[in-house]
There are 2 protein chains.
Amino acid sequence: MPYPAKLTTDTILSAALTLLEQGGPDALAMRPLADRLGVRPSSLYRHYPDRAALLGTLEDHAARDLHAAMSQAATGRRGHEALHAAAHAYVEYARSHPHLYGLLLAPRAPGLAGPGAGKDLWNHVLTLIEGVTHTPDDTDAAVALWAFLHGFAVLDRSGQFGLSGPRSGFERGLSSFIRGLTS
Amino acid sequence: MPYPAKLTTDTILSAALTLLEQGGPDALAMRPLADRLGVRPSSLYRHYPDRAALLGTLEDHAARDLHAAMSQAATGRRGHEALHAAAHAYVEYARSHPHLYGLLLAPRAPGLAGPGAGKDLWNHVLTLIEGVTHTPDDTDAAVALWAFLHGFAVLDRSGQFGLSGPRSGFERGLSSFIRGLTS
DNA sequence: GTCTATACTCTGATAGAC
DNA sequence: GTCTATCAGAGTATAGAC
């Protein structure tokens, strides 16, 4: 299994992603990461200056990945249909990549608010909203929609609602929300 | 300042709460906690079996505290007014006690879903919803409302929306949601 | 019920040889 | 670009004296 034995930023990133998804952020430590790559921990620092840089790159990856999932789901649909499809893709992504998704809305150091990959995601939400309300740059509505999506994703993960509850609550909430926005 | 120099579960809890609110869950460690109480770390284990027990107690405290804040805000109001007031109290609580609030929806070990203080909070949300929709035990609507509240609290904390965005988004979202529920 | 002392495991990170 | 070796520190928890 051991490859030509050289590291690249991508092979490291891929291994880091696996560790993150399997055991959460605390499991993504430099030593286990090095073990998994068949390498000594210090070697990693040639490719990423520190652990924070690695996490930052993963965060970017998550933003892009989630955005891609929503875009793909909305492709070929318009208005309510596009919004519904993208919303489903959102919670489905959060469900299937819980820890990666968890990086996205972690509190940031003030002033470091990301100008990066999250922007595209935000613009996408704005576009979906516009397709329903016909109001461009309706940030209030976009904030509200995102809040609902994120909140649902977290509640779903927390497992506080037994088994059946969440899913139908999602349909009901999303529909009510859209109806309320457009009336 | 040093008192009769004896620990109680409550003095420990109070100091733990301070550490938690000041520096987040990672700052709540046994050693700093003991320092703050003028005591050796090992002494703490006479009162709490381990750190997890301490966190669990704090979690209960958070649930009760948040519930109290919502109840007080809703007292003397009915229907939409009660719901709006409690909703505001919710996000305000999350804003002023971010780390304590953060304990509430942390993922739990499956099967350990809390039968504890969170139940009262849930029932309160159900009552608020019933006051608006006149439907008892409308769990779908309650899940949707809670999702929106929680999601907004997190987005607000994440600071990804500049400064002005979130607040008006909250009003818009809450009103739309209620309108959608009742139409 | 608090103390001293300590065991143990884990972390991120660096210097310098090869 | 990877290695060995190591630093400097964090953490939870326990045994046994007082």
Side-chain angles (χ1 to χ4, degrees), chain A residues 1-61 99-100 102-103 106-109 112, chain B residues 1-61 99-100 102-103 106-109 112:
Chain A
M1 213 69 96
Y3 263 1
K6 290 203 173 188
L7 294 176
T8 66
T9 52
D10 278 348
T11 58
I12 296 177
L13 200 65
S14 162
L17 210 145
T18 305
L19 280 181
L20 177 71
E21 285 297 9
Q22 283 180 351
D26 289 350
L28 175 48
M30 301 305 265
R31 246 179 274 245
L33 179 58
D35 285 352
R36 166 170 269 269
L37 289 160
V39 150
R40 293 300 175 174
S42 56
S43 306
L44 300 171
Y45 291 87
R46 288 278 159 192
H47 302 269
Y48 290 92
D50 53 26
R51 184 175 175 268
L54 195 54
L55 279 175
T57 308
L58 282 171
E59 195 177 323
D60 266 20
H61 174 80
H99 295 116
L100 193 54
L103 290 184
R108 296 173 189 254
L112 285 184
Chain B
M1 211 70 92
Y3 263 2
K6 291 201 171 187
L7 293 177
T8 66
T9 52
D10 279 349
T11 56
I12 296 177
L13 201 64
S14 162
L17 211 145
T18 306
L19 279 182
L20 178 72
E21 286 297 10
Q22 283 180 353
D26 289 349
L28 175 48
M30 302 306 263
R31 248 181 274 243
L33 179 57
D35 286 351
R36 166 170 267 268
L37 288 161
V39 148
R40 294 299 172 173
S42 56
S43 307
L44 300 171
Y45 290 86
R46 288 276 162 194
H47 303 269
Y48 289 92
D50 54 26
R51 184 175 175 269
L54 195 55
L55 279 174
T57 308
L58 282 171
E59 194 177 323
D60 266 19
H61 173 80
H99 295 115
L100 193 54
L103 290 183
R108 297 174 188 253
L112 285 184

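Numbered from 1 within each chain, the chains take letters A, B, ... in sequence-line order. Since the structure is predicted, the reported quantities are computational estimates derived from the model, not experimental observations.
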**OP:** Mind calculating the distance between CG (L33(A)) and C1' (dG12(C)) to the nearest angstrom?
**Re:** 13 Å
Subject >> Side-chain touch L17(B)/E21(B), heavy atoms, less than 4.5 angstrom >> reply: yes
Subject >> Closest listed nucleotide, where the reference is the side chain of P32(A) and the choices are dG12(C), dG11(D), dT11(C) >> reply: dT11(C)
Original post:
Are the side chains of Q22(A) and T18(A) in touch, meaning some heavy atoms are under 4.5 Å apart?
Top reply: yes
Subject >> Rounded distance (Å) that lies between atom P of dC10(C) and atom CZ of R31(B) >> reply: 16 Å
Original post:
Going by heavy atoms closer than 4.0 Å, what residues in residues 40-55 of chain B are next to DNA chain C?
Top reply: R40(B), S42(B), S43(B), R46(B), H47(B)
Original post:
So, does R46(B) use its side chain to make a donor-acceptor pair with the main chain of L7(B) at under 3.5 Å?
Top reply: no
Original post:
Does atom CZ of R36(B) have more than 12 heavy-atom neighbours from other groups under 6.0 Å away?
Top reply: yes
**OP:** Check the distance between dA10(D)'s P and L19(B)'s CG and give it to me in whole angstrom.
**Re:** 15 Å
**OP:** Would you mind reading off the distance between L37(A) atom CG and dC3(D) atom P, rounded to a whole angstrom?
**Re:** 11 Å
Subject >> Side-chain heavy atoms of L54(A) within contact of L44(A), under 4.5 Å >> reply: no
Original post:
Expressed in angstrom and rounded to an integer, what is the separation of D26(B) atom CG from dG12(C) atom P?
Top reply: 12 Å
**OP:** Could you list the residues that satisfy side-chain hydrogen bond (donor to acceptor under 3.5 Å, both in side chains) with T11(A), not counting sequence neighbours?
**Re:** T8(A)
